[in-house]
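See structure below.
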Amino acid sequence: MCGIAGIVRAPGEAPSRESLEAMGGALAHRGPDEATLAFYGRAGFSFRRLSIIDVAGGAQPIDNEDGRCHVVLNGEIYNHLELRAELEAHGHRFRTHCDVETVVHGYEEWGDAVARRLRGMFAFALWDESRQRLLLARDRLGKKPLVYHEANGEIAFASELRALLRAPGVPREADVAAIHEYLTYQYVPHPRTAFAGVAKLPPAHLLVFEDGRSRIERYWSLSFRPPLAIDETEAASEVRRLLRDAVKVRLMSEVPLGAFLSGGLDSSAVVALMAEFHRVKTFSIGFEEDVFDERPFAALVARRYGTEHHEFVVRPDATEVLPRLVEHYGEPFADSSALPTWYLARLTRQHVTVALDGDGGDELFAGYDRYRALAAYRLMARLPAGRGLAHAIANRAAGIGLPARARRLLAAASSTPEESYARTVSVFAPEETRALYTPEMIARTKGVDPYDGLRRAFAASDAADLLGRTLHVDTLTYLPDDLLVKVDIATMAHGLEARSPLLDHPLVEFAARLPSRLKLRGSCGKRVLRRAAADLLPAPILRRRKAGFGVPIGRWFRGELRGYLEDVLLSMAARSRGFFDPAAVRALVRSHVAGLRDRSAQLWALLMLELWCRRFLDAPD
């Protein structure tokens, strides 16, 4: 695990040592154990290492036998021993025991197809000196990030935006279209970033840069076909086998290892399977508000498996943590669960260097409430005048103060499936952003439809039914752009590696082809996963509905954080940006503080945007 960065200049030019040092310095938290600079003519790499595998001999970059190919990689390759044996049988000679060395020899043997042979999480850069060719690649699900800027026949790349911004010529201008999408989803969807001219390499894609130009291509696609003809017992048995294997391969480490334990089904199943191999150290975060506190459920699992269990209670401390969140995420990011994830990572790093988590279970096996809402949508749409009835109910709900999520679900039921999903996951619906924007912002976002990306994802899915298509869309959008970003940045900010067994691609591919009835039946989501873990977990864990990593920001904004919120959002600096009508923002704040409507998610999004503007637009390094 590490942070990587690099620059490829035009022929005859060499990267600046100062620039690469600055980029590497901005990634020091990702790799506190070792720093390396490497220069290969017009290409240069900066590498920061967190030592986990081959601690003594795994320094990067790693070269091939003749020293013409060089690789730096952020992540872990879990099948490196099998690949090593295959490559050695083909005559390749290894100098280290590091998993990363399989990539450079694999490139010699298989070319760009090496990415398809890797099982793990990774973002890597490989410089082929003989061909003057750069290959960038990102893992299938998007666990490890990679951002880049290309201009004038040159390219710079890095693990994080804050490092890329230190490369020469990278602009610090806000991308207004990206801001518009951010306000819709609470994150900036790939391939955009919040900075104009800076992009994210999409998951499961390669970028090849040669002759001063780049091309991007997909090397893997998730398919939901053909559906498996399988009963629940057989499916649960195979899910158990695949998940156990995914946990086992993620236990490879030469440093202390533990697990996040929320008390939900996913992380609890991971801990139960880890306990088959050794005693587990587990870590949980809670809140003083009982409705948000999952620690009692985590404690049930910890007691059952005799884990060495650690807990931490989150209290609002905006001035201490929010600027640090903004600094590390590098662009506006409004998933409020980043806050407890940050504290959880900090607690965990005090005891271990690697932590397994339960990420991915909801997207694979239909765990979110919105999937049940879609089932209700299907039912209502079949009824005579069903959509019209839903539309009337939604209009009435807007006037009686129902919570935002309930109003959104009702409104969604009166539209198409794609529109239904988009509105369900929106922080601000299109009509809400228009009401908030200044005339200038309305003009600047004209023609930008933030739902276009979701529509394309729905159209690209080969799933047979609406639930399958929605799971597929979440895997292509929400998972890599929100959930995995949240965990990667929060953990790596503390030099902690997070591993996600449920996102092992053989398990993901198997789950995709399972019939929807094995994932969601009635109000029961994750049906087959519950069956797979039935003998592993206490009954209260198996009976729980999805709780989410909730944060009591609604109460905080009416209490401890009210002054901070108003000072930031109603400041002269915020008013002068030209994004929002000050009166509309003030009305939003007052509506929430007075308890008229829960505007907490929207206010959090506006708060994180303004803090980002202050850090990256107003006060560059």
Side-chain angles (χ1 to χ4, degrees), residues 1-77 92-108 114 122-138 144-150 154-160 162-170 201 207-210:
M1 185 61 65
C2 67
I4 62 173
I7 299 172
V8 176
R9 300 288 311 276
E13 302 289 333
S16 158
R17 175 175 287 272
E18 287 184 359
S19 297
L20 284 173
E21 284 178 342
M23 295 171 77
L27 296 171
H29 53 283
R30 297 185 76 96
D33 297 331
E34 188 176 345
T36 306
L37 295 181
F39 297 87
Y40 311 102
R42 64 192 187 98
F45 289 158
S46 184
F47 172 74
R48 299 294 306 222
R49 186 184 184 201
L50 177 64
S51 302
I52 293 175
I53 296 173
D54 193 8
V55 171
Q60 298 183 41
I62 292 180
D63 307 334
N64 67 337
E65 294 93 335
D66 63 12
R68 294 185 181 181
C69 293
H70 322 274
V71 69
V72 287
L73 181 145
N74 171 28
E76 304 288 356
I77 308 303
H92 293 272
R93 302 186 306 279
F94 283 73
R95 294 183 294 104
T96 76
H97 298 288
C98 181
D99 58 319
V100 177
E101 191 173 357
T102 58
V103 177
V104 71
H105 295 298
Y107 173 77
E108 288 184 283
V114 61
F122 57 84
F124 71 75
L126 188 146
W127 177 245
D128 185 335
E129 210 165 348
S130 61
R131 300 172 63 185
Q132 295 289 287
R133 181 179 192 265
L134 176 71
L135 173 66
L136 303 179
R138 196 168 170 212
K144 293 290 104 182
L146 198 63
V147 292
Y148 67 95
H149 170 70
E150 183 182 354
E154 301 181 347
I155 190 170
F157 60 88
S159 295
E160 294 183 10
R162 62 201 298 256
L164 184 64
L165 292 172
R166 287 161 170 78
V170 177
L201 181 63
L207 183 153
V208 176
F209 181 80
E210 56 186 339

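Taken from CD1 in Ile155 to CG in Leu136, the straight-line distance is 5.5 Å, to the nearest 0.5 Å. Between atom CG of residue Leu134 and atom CD of residue Gln132 there is a gap of 11.0 Å, rounded to the nearest 0.5 Å. For the atom pair Leu207 CG and Glu150 CD, the distance stands at 7.0 Å (nearest 0.5 Å). Taking CD1 of Ile62 as the reference point, atom CZ of Phe47 lies at 8.0 Å (rounded to 0.5 Å). The CD atom of Glu129 sits 10.5 Å away from the CZ atom of Arg42 when rounded to the nearest 0.5 Å. Taken to the nearest 0.5 Å, the CD atom of Glu101 stands 10.5 Å off from the CD atom of Gln60.
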Steps toward side chain to side chain contact (heavy atoms under 4.5 Å, CB included) verdict (Asp63, Val104):
CA-CA 7 Å; Asp63 307 334; Val104 71; 5.9 Å; no
Checking Asn64 against Tyr107 for the side-chain hydrogen bond (donor to acceptor under 3.5 Å, both in side chains) test, could you report, in this order, the C-alpha distance in whole Å, the side-chain angles of both residues, the deciding distance, and whether it holds?
CA-CA 9 Å; Asn64 67 337; Tyr107 173 77; over 6 Å; no
One pair to check against side chain to side chain contact (heavy atoms under 4.5 Å, CB included): Val103 and Phe122. What are the steps and the verdict?
CA-CA 11 Å; Val103 177; Phe122 57 84; over 6 Å; no
Could you please spell out the steps behind the side chain to side chain contact (heavy atoms under 4.5 Å, CB included) verdict for Trp127 and Val8?
CA-CA 9 Å; Trp127 177 245; Val8 176; 4.0 Å; yes
Just do the side chain to side chain contact (heavy atoms under 4.5 Å, CB included) check on Glu18 and Arg166 with the steps written out, would you?
CA-CA 10 Å; Glu18 287 184 359; Arg166 287 161 170 78; over 6 Å; no
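Partners of Glu65 under the side-chain contact (heavy atoms from CB on, under 4.5 Å) rule, at least two apart in sequence or in another chain, are His92, Arg93, His105, Glu108. Remark: His149 engages no residue in a ring-ring contact (aromatic ring centres under 6.0 Å, His included) (not counting sequence neighbours). The side-chain contact (heavy atoms from CB on, under 4.5 Å) check on Pro168 picks up Ile7, Ser19, with sequence neighbours excluded. In this structure, Glu21 has no side-chain hydrogen bond (donor to acceptor under 3.5 Å, both in side chains) partners at least two apart in sequence or on a different chain. Applying the side-chain contact (heavy atoms from CB on, under 4.5 Å) test to Ser159 and every residue at least two apart in sequence or in another chain returns Ile4, Leu27, Arg30, Asn74. Take Glu154 and apply the side-chain contact (heavy atoms from CB on, under 4.5 Å) test, not counting sequence neighbours, and it matches Arg9, Ala10.
Without hydrogens or angle criteria, Arg48 side chain to Gly31 main chain gives a donor-acceptor distance under 3.5 Å. Arg49 places no side-chain N or O within 3.5 Å of a backbone atom of Asp33 that could act as its donor or acceptor partner.
Inter-residue side-chain proximity for Phe124 and Val100 is flagged as unmet; no heavy-atom pair is nearer than 4.5 Å. Side-chain contact between Arg162 and His29: present, with at least one pair of heavy atoms (C-beta onward) separated by less than 4.5 Å.
Heavy-atom minimum distance, Tyr148 versus Leu201: CE2-N, 3.9 Å. The two atoms that bring Met23 and Ala167 nearest to each other are SD-CB, 3.8 Å, heavy atoms only. Between Ala43 and Pro15, the shortest heavy-atom contact is C-CG, 3.6 Å. Scanning all heavy atoms of the two residues, the minimum distance from Leu146 to Ala123 falls at CB-CB, 4.2 Å.
Within 6.0 Å of atom CZ in Arg68, 12 or fewer heavy atoms from other residues, nucleotides or ligands are found, so the atom counts as exposed in its surroundings.
None of Cys2, Ser46, Pro61 except one satisfies the side chain to side chain contact (heavy atoms under 4.5 Å, CB included) rule with Thr36; the exception is Pro61.
Proximity of the aromatic rings of His70 and Tyr40 is defined here by a centroid distance below 6.0 angstrom, and this criterion is met.
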